[in-house]
Number of protein chains: 2
Amino acid sequence: MVVYQHSDLNLTDDEVDRIFRALADATRRDIMRRALVGEESISDLANGYDMTFAAVQKHITVLEGAGLVTKHRSGRERLIRGNPEAIRKARTLLNTYERIWQGRIDQLDALLTDD
Amino acid sequence: MVVYQHSDLNLTDDEVDRIFRALADATRRDIMRRALVGEESISDLANGYDMTFAAVQKHITVLEGAGLVTKHRSGRERLIRGNPEAIRKARTLLNTYERIWQGRIDQLDALLTDD
DNA sequence: CTGATATACAACCATTAGGTTTCATATTAG
DNA sequence: CTAATATGAAACCTAATGGTTGTATATCAG
């Protein structure tokens, strides 16, 4: 019997919840994207959206709580930097699901070829 | 200048929201996993969790709304089948973010090699 | 020093989410 | 036919989310 052991990502359910939850909002995905392109201050980020500074600040807090971005002080500013490692973890998890499905197909193949 | 055009997934913000939102819950991820391994009825799925049938039914509705699973009638049962295509879309989107970050590195490389 | 800018954070509000219980309907078993 | 099973869906409750305004604090510019 073929066993598909999912790669151990050392992620708790809670951590995975937070990552996907953080990505489930278009504004946060855009902030994430900008923070991956290059560091930006919270004010600069906030200027890009039609909502208050405080609202953007909260979105950044959500991203930070998921480990998707980090804050770095620079004078009176806080620069927001995207963390590709967290993204990679989420992607790896999705790969696992795809392999589970692929596994089902492989088993079907095995049955058909009847080896 | 190198432009990184993200692969067009033909996904609206709303669709992406729903996919990530649906994945942001451990129970739903487990239902998803089981539905990818093989079709199961709603009752069978519900028996695996410490919550009411109606609660599990709602989770399945969320997954279905995101296109992550589909329902197929079989007599009085509804079989839930995982849809790997939706998973693939989400993964591809995360790949895009990783490439954006990688792009930043490439640009830095270009600066350093000064060509 | 003073005023302007950048951030943090609390209190509040409306909507959504995740759960429950209850009832209705469809299908199968006997 | 009748009882049991499988699903659907409404009404309800509580907590979390996503937004607001308002206030406080830190830092920079001149």
Side-chain angles (χ1 to χ4, degrees), chain A residues 12-35 38-82 90, chain B residues 12-35 38-82 90:
Chain A
T12 65
D13 278 346
D14 221 63
E15 289 170 315
V16 179
D17 284 5
R18 280 198 294 271
I19 292 176
F20 283 128
R21 189 75 189 70
L23 291 171
D25 180 283
T27 301
R28 285 198 291 264
R29 284 193 300 275
D30 196 62
I31 292 173
M32 179 79 221
R33 183 189 55 74
R34 290 173 63 184
E39 290 184 331
E40 285 194 63
S41 73
I42 302 181
S43 294
D44 284 349
L45 287 169
N47 281 334
Y49 309 101
D50 185 26
M51 64 185 76
T52 62
F53 174 86
V56 173
Q57 213 175 9
K58 278 189 173 184
H59 280 308
I60 291 170
T61 300
V62 172
L63 287 166
E64 192 185 18
L68 287 163
V69 304
T70 52
K71 288 184 186 174
H72 305 273
R73 180 172 218 121
S74 169
R76 63 179 154 179
E77 295 186 332
R78 292 302 190 90
L79 301 181
I80 306 304
R81 182 187 304 166
Chain B
T12 65
D13 278 347
D14 222 62
E15 288 171 315
V16 179
D17 285 4
R18 280 198 294 269
I19 291 176
F20 283 130
R21 190 74 189 71
L23 291 171
D25 180 283
T27 301
R28 285 197 292 263
R29 284 193 300 276
D30 196 62
I31 292 173
M32 177 79 220
R33 183 189 56 72
R34 290 173 64 184
E39 290 184 332
E40 285 194 63
S41 73
I42 301 180
S43 294
D44 283 350
L45 287 169
N47 281 333
Y49 309 101
D50 187 25
M51 65 185 75
T52 62
F53 174 86
V56 173
Q57 213 175 8
K58 278 189 175 184
H59 280 308
I60 291 170
T61 300
V62 171
L63 288 166
E64 192 185 19
L68 286 163
V69 303
T70 51
K71 288 184 187 173
H72 304 272
R73 180 171 221 122
S74 168
R76 63 180 154 180
E77 295 185 332
R78 292 301 192 90
L79 301 181
I80 307 303
R81 182 187 303 167

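Here the structure is a predicted model, which means the values were calculated and not measured. What you see below is based on every heavy atom in this structure, not just the backbone, and it leaves out hydrogens, waters and symmetry mates. Naming convention: chains lettered A, B, ... in sequence-line order (proteins, then strands); numbering from 1 in each chain.
- The side chain of A:E77 approaches C:dA6 more closely than any other nucleotide in the set C:dA6, D:dT20, C:dG19.
- The shortest distance between the side-chain N/O atoms of A:R21 and the OP1/OP2 oxygens of D:dG18 is below 4.0 Å.
- Distance CD (A:Q57) to C1' (C:dT5): 14 Å, rounded to an integer number of Å.
- In this model, the phosphate group of C:dT7 is approached by a side-chain N or O of A:S43 to a distance below 4.0 Å at OP1 or OP2.
- Side-chain atoms of B:T52 and B:Q57, non-hydrogen and from C-beta on, never get closer than 4.5 Å to each other.
- Across the protein-nucleic acid pair, B:I42 atom CD1 and D:dT5 atom C1' stand 13 Å apart, rounded to whole Å.
- Distance CZ (B:R18) to C1' (C:dA17): 15 Å, rounded to an integer number of Å.
- Between the CG atom of B:L63 and the P atom of C:dA17 there is a distance of 13 Å, rounded to whole Å.
- Between the side chain of A:R78 and the backbone N or O of A:I42, no donor-acceptor pair lies under 3.5 Å.
- Put simply, A:T52 has a side-chain N or O that comes within less than 4.0 Å of OP1 or OP2 on D:dT20.
- A donor-acceptor distance shorter than 3.5 angstrom exists from the side chain of B:E15 to the backbone of B:T12, with no hydrogens or angles considered.
- Between A:R73 and D:dT27, a side-chain N or O to OP1/OP2 separation shorter than 4.0 Å is present.
- We find that CE of B:M51 is positioned 16 Å from P of C:dA17, with the value rounded to whole Å.
- Applying side-chain contact (heavy atoms from CB on, under 4.5 Å) to B:F20 and the options A:R28, A:R29, A:R21 leaves one that passes, A:R29.
- Heavy-atom distances to DNA chain D give each of A:R76 and B:K71 a nearest nucleotide, and the one nearer the 5′ end belongs to B:K71.
- Look at CG on A:D50: it is 8 Å from P on D:dT20, rounded to the nearest Å.
- The closest side-chain heavy-atom distance from A:I80 to A:R34 is not below 4.5 Å.
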Could you pull out the protein-nucleic contacts involving nucleotides 10-15 of chain D (nitrogen or oxygen on both sides, under 3.5 Å)?
none

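- If you measure from atom CD1 of A:I60 to atom P of C:dT7, you get 8 Å, rounded to the nearest angstrom.
- Neither OP1 nor OP2 of D:dA6 sits under 4.0 Å from any side-chain N or O of B:R78.
- In this structure, CG on B:D44 lies 9.0 Å from CG on B:L79, to the nearest 0.5 angstrom.
- The separation between A:F53 atom CZ and D:dG22 atom C1' is 14 Å, rounded to whole Å.
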Given side chain to side chain donor-acceptor pair (under 3.5 Å), test A:H72 with A:T70 step by step and report yes or no. CA-CA 7 Å; A:H72 305 273; A:T70 52; 2.7 Å; yes
